[in-house]
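A short worksheet on the structure shown next.
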Amino acid sequence: MDGPRCESQDLLAWFDRCRRDLPWRSTSDPYRIWVSETMLQQTQVERVLPYYEQLVSTFSDVDALARAPLEDVLAVWSGLGYYRRARYLHAAARQIVARGGFPRTMAGWLELPGVGPYTAGAVASIAFGERVPAIDGNAARVLSRFAALEDSPSGKTGRRRLTALAESLVDDDRPGDSNQALMELGAVVCRPSQPRCHECPLEASCKGRLQGAAEAYPRRKPSRQVIEERRLGVVVRAGGRVLLFRRPEGASLLAGLWEIPWIAWCARDNAARELRSRYGGNWDLDRSCGWVRHSITHRDIRFEVWTGRLTSGCHIAENPEAGWYTETEVGGLAVSSLVDKVMRCAAD
DNA sequence: GAATCGTGGCG
DNA sequence: TCGCCAAGATT
């Protein structure tokens, strides 16, 4: 006896035996499952865990989340990355409350902001038992290796073939578990590098394995070149507080988050003028503070941090986007981890 | 379809 | 150090 049904049962049996005990697996609450799936977008389980606990304990249900100010949600999200997810989560919570409850189908979930094919399929199958696939990076890798798919999962053809294969494997009685089994297998056994094929319930029929080249899948396309940017940042202290500015809500990058003042490195010779044009106020910098003190590399941004204070008579605090915070308060704000790094570094 | 959005871990 | 990657969605 062979075929998709048999493999699907092998997979489920393996999942029942080996599944990790995760907080969102011990609940049937759609709210918690939705929150976890949103946080898990492009983010590994281990990193999500503390943020998940913090969010669901701060906002115990969708009503609490919908009532909360966006700023509070961003503060909880602070450090997790992809902050757009927090905004969409918050907006979707308000839509859910407005429509009187959670959607019960994948199609319904797809109408919510921040919910794409994966998240919609995951929530619909796990929380509501709908027989739809949920294809994340793990599932895509497992299936690509299993069927030795030659098309890249990001392409149209590859996506279509993956979806067809995943649909054929969704268990009629336990759709949520069979989806999670595929993802779990990819995370724990069918890993990106050095897959543990000898522990895999699908080993015997895996085409990639039979070719002796499981790691060659999924096929991927060449990546782009990274260009490094260099910036001059300023940590301004006064009376035990540090000056931060909030980025515009419409910014494409880190929108609405707090950051230290900075300018392009090439404009450092006119630092005071550049800072004035960007943030307003008076930026006559105290000469006694010296020049560059620290250097931090973060992704493709190199930050040269200049620590100091402003001369008296500056009017920066009149800028509505400006705020003075103590070092400990910064930790509770919606800041990126870059700011976190800079503050720690500049505190030495 | 390609680029973009954060961050941390890994070999 | 560097490239890749990790439970994707949006424009």
Side-chain angles (χ1 to χ4, degrees), chain A residues 15 19-20 22-25 32-52 74 77-89 91-92 109-123 125-127 133-143 151-160 162 166 176-188 190-195 215 218 220-228 247 250-257 259 296-302 334-341:
Chain A
F15 184 62
R19 59 186 279 172
R20 289 172 292 180
L22 303 173
W24 46 85
R25 284 185 177 160
R32 297 196 168 217
I33 291 167
W34 166 52
V35 167
S36 74
E37 293 301 343
T38 303
M39 287 187 158
L40 286 163
Q41 290 169 7
Q42 294 284 282
T43 310
Q44 289 168 318
V45 167
E46 292 303 318
R47 277 189 49 66
V48 164
L49 285 170
Y51 289 91
Y52 170 82
L74 285 170
W77 205 276
S78 193
L80 187 58
Y82 284 126
Y83 300 99
R84 213 169 36 177
R85 293 182 296 177
R87 300 168 172 280
Y88 287 140
L89 190 78
W109 279 95
L110 278 172
E111 293 175 5
L112 293 169
V115 178
Y118 164 72
T119 306
V123 178
S125 64
I126 297 171
I135 308 169
D136 71 331
N138 288 318
R141 183 172 56 255
V142 172
L143 297 176
D151 311 279
S152 165
S154 55
K156 191 175 181 180
T157 305
R159 176 57 51 180
R160 193 180 65 244
L162 270 181
D177 283 346
S178 70
N179 281 332
Q180 290 189 81
L182 217 46
M183 296 188 272
E184 186 84 344
L185 190 66
V188 177
C190 195
R191 306 179 300 180
S193 64
Q194 301 178 348
E215 270 188 273
R220 44 185 171 272
K221 45 191 175 178
S223 61
R224 73 182 174 91
Q225 165 186 358
V226 174
I227 300 168
E228 184 178 278
R247 297 172 59 80
S252 62
L253 182 62
L254 303 174
L257 270 56
E259 65 177 3
I296 296 175
T297 300
H298 179 82
R299 202 174 154 83
D300 22 350
I301 298 176
R302 170 172 290 280
V335 298
S336 75
S337 69
L338 170 57
V339 172
D340 208 40
K341 272 188 201 171

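Just so we're on the same page: letters track the sequence lines, and every chain starts at 1. These numbers come from a predicted model, not from an experiment. Every heavy atom of this structure was used, including side-chain atoms; hydrogens, water molecules and symmetry mates were not.
- Note: CZ (A:Arg141) to P (C:dC4) measures 16 Å, nearest angstrom.
- Using atom P as the reference point in both B:dG6 and C:dC2, the two lie 23 Å apart (nearest Å).
- With sequence neighbours left out, A:Gln41 forms a side chain to side chain donor-acceptor pair (under 3.5 Å) with A:Thr119.
- Distance CD (A:Glu259) to C1' (B:dC5): 16 Å, rounded to an integer number of Å.
- A:Arg191 meets the side chain to side chain contact (heavy atoms under 4.5 Å, CB included) test with A:Gln194, A:Arg196; sequence neighbours excluded.
- In this structure, A:Arg191 reaches neither bases nor backbone, as no heavy-atom distance under 4.0 Å exists between it and the strands shown.
- Within 4.0 Å (heavy atoms only), A:Trp77 reaches no atom of the nucleic acid at all.
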What pairs of nitrogen or oxygen atoms, one from the protein and one from nucleotides 9-11 of chain C, lie under 3.5 Å apart?
{"from": "C:dA9", "atom 1": "OP1", "to": "A:Gly116", "atom 2": "N", "distance (Å)": "2.9"}
{"from": "C:dA9", "atom 1": "OP1", "to": "A:Gly116", "atom 2": "O", "distance (Å)": "3.3"}
{"from": "C:dA9", "atom 1": "OP1", "to": "A:Thr119", "atom 2": "N", "distance (Å)": "2.8"}
{"from": "C:dA9", "atom 1": "OP1", "to": "A:Thr119", "atom 2": "OG1", "distance (Å)": "2.6"}
{"from": "C:dA9", "atom 1": "OP2", "to": "A:Pro117", "atom 2": "N", "distance (Å)": "3.4"}
{"from": "C:dA9", "atom 1": "OP2", "to": "A:Tyr118", "atom 2": "N", "distance (Å)": "3.1"}
{"from": "C:dA9", "atom 1": "O5'", "to": "A:Gly116", "atom 2": "N", "distance (Å)": "3.4"}
{"from": "C:dA9", "atom 1": "N3", "to": "A:Arg84", "atom 2": "NH2", "distance (Å)": "3.3"}
{"from": "C:dT10", "atom 1": "OP1", "to": "A:Gly114", "atom 2": "N", "distance (Å)": "2.5"}
{"from": "C:dT10", "atom 1": "O3'", "to": "A:Tyr88", "atom 2": "OH", "distance (Å)": "3.4"}

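- Looking only at atom types and distance, the side chain of A:Asn179 has a donor-acceptor partner in the side chain of A:Ser125 under 3.5 Å away.
- Contact annotation for A:Leu22: base contact, defined as any heavy-atom pair under 4.0 Å involving a base atom.
- For the pair A:Arg87 CZ and C:dG8 C1', the interatomic distance rounds to 18 Å; values are reported in whole Å.
- Atom CD in A:Gln44 sits roughly 9 Å away from atom P in B:dG9 (whole-Å rounding).
- In this view, A:Arg87 and A:Glu249 satisfy the salt bridge (charged side-chain N to carboxylate O under 4.0 Å, His left out) rule, not counting sequence neighbours.
- Listed nucleotides B:dG1, B:dG6, B:dG8 differ in distance to A:Thr43; the shortest reach to its side chain belongs to B:dG6.
- Residue A:Arg159 is out of contact with every strand shown, counting any heavy-atom pair closer than 4.0 Å.
- Of the two residues near DNA chain B, A:Ser193 and A:Gly81, the one whose nearest nucleotide lies more 5' is A:Gly81.
- Across the protein-nucleic acid pair, A:Tyr83 atom OH and B:dG6 atom C1' stand 6 Å apart, rounded to whole Å.
- Between A:Leu49 atom CG and A:Trp24 atom CH2 the span is 4.5 Å, to the nearest 0.5 Å.
- Comparing the same atom, C1', in B:dG1 and in C:dA6 gives a spacing of 22 Å after rounding to whole Å.
- The distance from atom CZ of A:Arg47 to atom P of C:dG8 is 13 Å, rounded to the nearest whole Å.
- To the nearest angstrom, C1' of C:dG8 lies 5 Å from CD of A:Gln42.
- Taking A:Pro113 as the reference, A:Tyr88, A:Ala91, A:Ala92, A:Gln95 meet the side chain to side chain contact (heavy atoms under 4.5 Å, CB included) condition, with sequence neighbours excluded.
- In this structure, A:Glu46 places its CD atom 12 Å from C1' of B:dG8, rounding to the nearest Å.
- Looking at residues two or more places apart in sequence or on another chain, you find a salt bridge (charged side-chain N to carboxylate O under 4.0 Å, His left out) between A:Arg25 and A:Glu184.
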